[in-house]
Amino acid sequence: MIEVQNLKKSFGDNLVWEDVSFSIDDGETTAIIGKSGTGKSVLLKHMNALMYPDSGSIKIDGECLFELSYSELRKTRQQFGILFQGGALFDSISTFENVAFPLRYFTDLKEEEIEHEVNEALRMVNLEAAGKKSTAELSGGMRKRVGLARAIILKPRYLLYDEPTSGLDPETSDEINDLILEMANTLDITSVVITHDMHSVLRIAEKVVFIDEQKLSWFGTLAEMKESDHPPLVDFITASEYQI
Amino acid sequence: MEAIRQFGQYTLLLYQALRSVTEFSTYRNNLFAEFVKIGYQSIPIIMLTGVFTGAVLTLQTAYQLDTDLYPVTIVGSIVGQSIIIELAAVIGGLVLAGKVGARISTELGTMRVSEQIDALESMGFNSVTFLVVPRVLAGICMFPVLYITAATLGICGGVLAGAIDGILPPAQFMQGARQFFFPEDVVFGIVKSFVFGFVITSISCFKGYTAFGGAEGVGNATTQATVLSCIYVLLSDFVLAAILL
Ligand SMILES: Nc1ncnc2c1ncn2[C@@H]1O[C@H](COP(=O)(O)OP(=O)(O)OP(=O)(O)O)[C@@H](O)[C@H]1O
Ligand SMILES: [Mg+2]
């Protein structure tokens, strides 16, 4: 369970958002939506204490992330997998080694076992053949999928996705949406998905967090969102319906 | 104000690095890779720098001194001692501030802005242990080796230039050099290069690690890293000379 309470963050004089509070139950898939630059990525980084807020707290199973010692934090972080906006693949090593990376450092698996796990993860993201390629040879969509394979390799409890479908063609986007659903259902993962693609929100989300005008503008279930007459949310949804 | 804040951040980063230096298994692979990149791959440029420094110094010393008044071996003494005490370490340091410093700050800066450092942290790695510790350690270990290479090649360059230009034969050059050879000068040069290795790698790691703002941010970080590395090489050279000589 993730509880975000009264979070506020600014960079110097530039307020990103304040009054951000919502909670995510285990097994749920939550979408965070909002315009570009409203601080969705910044919010995601707070959920892993990659950034610290000005005030407020994020509790994971009741324990505040920002009060943990660094070694406790490292343990907590291992329950998370993150897919970063650009994939964040390590470009000094091959695709296979990127996915194998957490296994090599955090498990005692033998080489054959690592190979098996990596191939399994690459198969889940439909990239069995890409293992031998260098990361420079991957397309944007492939990078995201490799990033996803790496994020799930240690079987995390929580998966955080930063715009998994942006910049992808509709067909690949759908594949990724399916994948997110599959992860959530088969591996029983709690997912948080940042997106501005309403199509994928409707596909995957159970709850929706809407960030607008430097605050939490709206929070509720998908069914409630469809009924909502909260003006900024309605505007956001209408605007995206006309996106090609 | 900004300078003080940066110095605070720099000190904090070094403190984190120092605290995690015992986690050898985390950075072992990276350490060996850095030995190769900082040490082995710098040998050609360091040899070239050494040879030319020694050669030019020999020609200039012969030109400036009237060898009718002094024994000709004095050229070897001056060149040998200057190279061992000062030039091999400092010129080598400045060249490596460009080569090693720019490479480190670009590498870490790119990792920072493309979220690779965030990715490391989010997996539960200590990114400082993984990235900063091996680079600084490799700098500290390899710079003295590079210094010795530069000094040796510098003297060779001096011998060659002296012989080719007909200033003095190799045997006399070496006789002069040996006359004023003191082992403590070599120790002094090694201490210097050790400090330069630390200064250059730690500043470049800091600038790269804290880079922000896309490609431009990495460019700025790299410029600052090389400029600051050069400044602090010269500054620490002066301080060491004042303390140790
Ligand atoms: N490290 C940082 N230092 C200073 N400002 C930052 C930093 N990271 C983000 N910001 C600022 O915070 C704001 C929100 O950025 P963020 O990347 O979270 O937006 P976003 O909602 O993810 O946008 P997009 O949909 O385009 O990815 C921006 O104004 C950005 O300039
Ligand atoms: Mg973003």
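Because only heavy atoms are used, hydrogens play no part in the values below, and waters and symmetry mates are left out as well, while side chains stay in. All chains are named by letter (A, B, ...) in the order of the sequence lines, taking the proteins before the strands, and each is independently numbered beginning at 1.
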Could you have a look at [options] and say which one has the most heavy-atom pairs with chain B under 4.5 angstrom?
options                    : result
A:Lys75, A:Gln85, A:Arg150 : A:Arg150
A:Asp91, A:Leu83, A:Leu73  : A:Asp91
A:Leu160, A:Thr76, A:Leu89 : A:Leu89

Practice item. Test A:Leu43 against every option in A:Thr38, A:Ile32, A:Leu216, A:Asp162 by the side chain to side chain contact (heavy atoms under 4.5 Å, CB included) rule and name the one that passes. Key: A:Ile32

Less than 4.5 Å to any heavy atom of chain A: does that hold for the side chain of [X], its backbone, both, or neither?
X        : result
B:Ser114 : backbone
B:Ser20  : neither
B:Leu120 : both

Practice item. Measure the acute angle between the ring planes of A:Phe90 and A:Phe101, then classify it against the limits of 30° and 60° as parallel, tilted or perpendicular. Key: tilted

Exercise for review: Return yes if some donor-acceptor pair links the side-chain N/O of A:Arg123 with the main-chain N/O of A:Glu128 below 3.5 Å, else return no.
Suggested key: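 Pair absent, no side-chain N/O of A:Arg123 close to backbone of A:Glu128.
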
Practice item. Decide side-chain contact (heavy atoms from CB on, under 4.5 Å) for B:Arg5 and B:Glu2; before the verdict, give the C-alpha distance in whole Å, the side-chain angles of both, and the deciding distance to 0.1 Å. Key: CA-CA 5 Å; B:Arg5 201 179 59 82; B:Glu2 176 62 18; 3.1 Å; yes

Exercise for review: For the residue pair A:Arg157 and A:Asp61, establish whether any side-chain heavy-atom pair is separated by less than 4.5 Å.
Suggested key: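 Sidechains of A:Asp61 and A:Arg157: in contact.
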
